[in-house]
Protein chains: 2
Amino acid sequence: MGLMTGTHPHPDEEAGARSTAYRRIREDIVGGVLAPGWWVREGALAEQLGVSRTPVREALNALAAEGLVEIVRHRGARVLPWTMRDVDEVYSIRAVLEGEGARLAAIRASDEEVQGLWESAERFEQAARELVDLRARGRGGDAAARGAVDAVTEANGVLHRAVLTAAGSPRLTVLLRSLSSEARIGQVFHHYTDADLTRSMVGHHDIVLGIERHDAPLAESAMRSHILAARHAAARSASDAPAPSTRGTAQIDRDRAREGWGRGQGVP
Amino acid sequence: MGLMTGTHPHPDEEAGARSTAYRRIREDIVGGVLAPGWWVREGALAEQLGVSRTPVREALNALAAEGLVEIVRHRGARVLPWTMRDVDEVYSIRAVLEGEGARLAAIRASDEEVQGLWESAERFEQAARELVDLRARGRGGDAAARGAVDAVTEANGVLHRAVLTAAGSPRLTVLLRSLSSEARIGQVFHHYTDADLTRSMVGHHDIVLGIERHDAPLAESAMRSHILAARHAAARSASDAPAPSTRGTAQIDRDRAREGWGRGQGVP
DNA sequence: GGACGACAGGTCGCATGCAATCATGGGACT
DNA sequence: AGTCCCATGATTGCATGCGACCTGTCGTCC
């Protein structure tokens, strides 16, 4: 019944050279191909992507708005570092924003939405158990483990997004997306212990329970605790350097800036 | 000692054609020159501003990221409506975000910052008293009242920004700025009753007190209450339609879309 | 030897041009 | 009369070109 404001077509789900460039550059940043401190040249990227500088430019502006790169006038875009302090900051903000989302969801969620939340929680639990089993069997080697972790990550994202949808507050969704949290800490479940996974399962259960019972304070505090608890595991994952993968875009390596990390950070 | 991430040069404080266009378009939107539902033509704006379409385009992208306009591929940018529901949503989010900011400020604020906060609160109080006096004398007619309200608005903004600065979380600042809250509800103090102003003064006092005492829960809840209390006055101010002012940019009026409001809102 | 100033290289910011796409209006057909 | 289709006009999306600005280097002077 509520009137919806217009849809918000994120570059993630759009066509066109700009969105393509946006996705590709973001992948390269979170994947470690473009390490923090490096300068991103419009021209080089445009050539690599087979497009002109214009869409690349607009993509970089979008990434700058999300805090992934920093644009210096007449110099270009530089990949920003991602420290443990950033992880802490993002998780603190996620805690309050998603907490508010859970609170609203507890107030406004329909029965169908609650049903969907239970299913999402169930799917997360399945994926988590599968990962635990895989580890227990010692086969946590490569592809299988990676796939299982991806499944957990996906199920987790689905659940959290479903809560936000049930909250009915598009701005919350937009703000959380612009935190680039999902993008940069997508690998966090690699560092989850079995205990962490169990904790997540219980947390999700409490959250959905609070929403089902329309108990706003319970839903909010459960979500807050859930995210704050996840912060520690995330901090662990922040310490492993994003390996300069060998995948594609090798040409950029030549453009590696001589001045990295040290300079340009403490500019007042 | 804490390493600072790069500065975040918002278009507000930058030079160049893009930032100029950004500021101008935003002013026209919040000032009512560009009413919700209207299509904003790149070409027309570029001609008016005396620049090319490129910087106008980038400015519109930035405004879309802040939720002021909506960009439809191959059709252009349309000014989004601003309903009472939006006000509610923005204030709810502000409550939790600025509450978190106050909490962090209570933990991390230095003595100098606390001193600055007291001064800001004092300045707000002065401005508020001046406005009350002006109204009591019945001279709340035009220019004087407008100036007094502007002073209150400015002092309020200074205080809230100072809290965020003391919080030491640049992302909080960025997120709040991208809410376009300051931009669109800058006129809110016009609708403040004397009681509202008094309440604000007290609220500010409690917030700063909580920060000074390093009482994080107090600071957080004081800030939350302060903003949630302000929501009602803000809702009042949302109801007055932004009058299609006569100021400048008259040419745009011809481009007024035949299709406004109704269509394109409920797209799933 | 160190510091200052001019020069060169390179990149960005903006202007302009062209093609793809969408909305609109008229006409033909049912 | 109503509906479908196509042609037309307008607008965006992207490509390209040029000038402005910054950085780094070299030469000169103190």
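Each chain gets a letter, A, B and so on, in the order the sequences are listed, and its residues count up from 1. Just so you know, these numbers use all the heavy atoms, side chains as well, and skip hydrogens, waters and symmetry mates.
Residues passing the side-chain contact (heavy atoms from CB on, under 4.5 Å) test with B:R57, sequence neighbours excluded: A:R18, A:E58, B:E42. A:E154 meets the side-chain hydrogen bond (donor to acceptor under 3.5 Å, both in side chains) test with no other residue; sequence neighbours excluded. For A:R161, the side-chain hydrogen bond (donor to acceptor under 3.5 Å, both in side chains) partners are A:E182, not counting sequence neighbours. Legend: residues meeting side-chain contact (heavy atoms from CB on, under 4.5 Å) with B:A151, ordered by chain and number and at least two apart, are B:A127. Applying the side-chain contact (heavy atoms from CB on, under 4.5 Å) criterion to A:T153, with sequence neighbours excluded, gives A:V149, A:F189.
A:I25 pairs with exactly one of A:V69, A:V79, A:L60 by the side-chain contact (heavy atoms from CB on, under 4.5 Å) rule, that one being A:L60.
Rounded to an integer number of Å, the gap from CG of A:L60 to P of C:dT11 is 14 Å. When the P atom of C:dC12 is taken as reference, atom CH2 of A:W39 falls 9 Å away, rounded to whole Å. In this structure, A:L49 atom CG and D:dC14 atom C1' are separated by 14 Å, rounded to whole Å. Atom CG of B:N61 and atom P of D:dC14 are 10 Å apart (whole Å). Residue A:I71 contributes atom CD1, which lies 16 Å from atom P of C:dT11 at whole-angstrom precision. Counting to the nearest Å, the P atom of C:dC12 and the CZ atom of A:R78 are 13 Å from each other. Summarising the geometry, the separation between CD on A:E42 and P on D:dC14 is reported as 15 Å, rounded to the nearest angstrom.
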inquiry  = Generate the contact string for nucleotides 14-22 of chain C. Rules: B means base contact, S means sugar-phosphate contact only, - means no protein heavy atom under 4.0 Å.
reply    = SBB----SS
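Within the 4.0 angstrom heavy-atom criterion, only backbone atoms of the sugar-phosphate kind lie near A:V40; the bases stay farther away.
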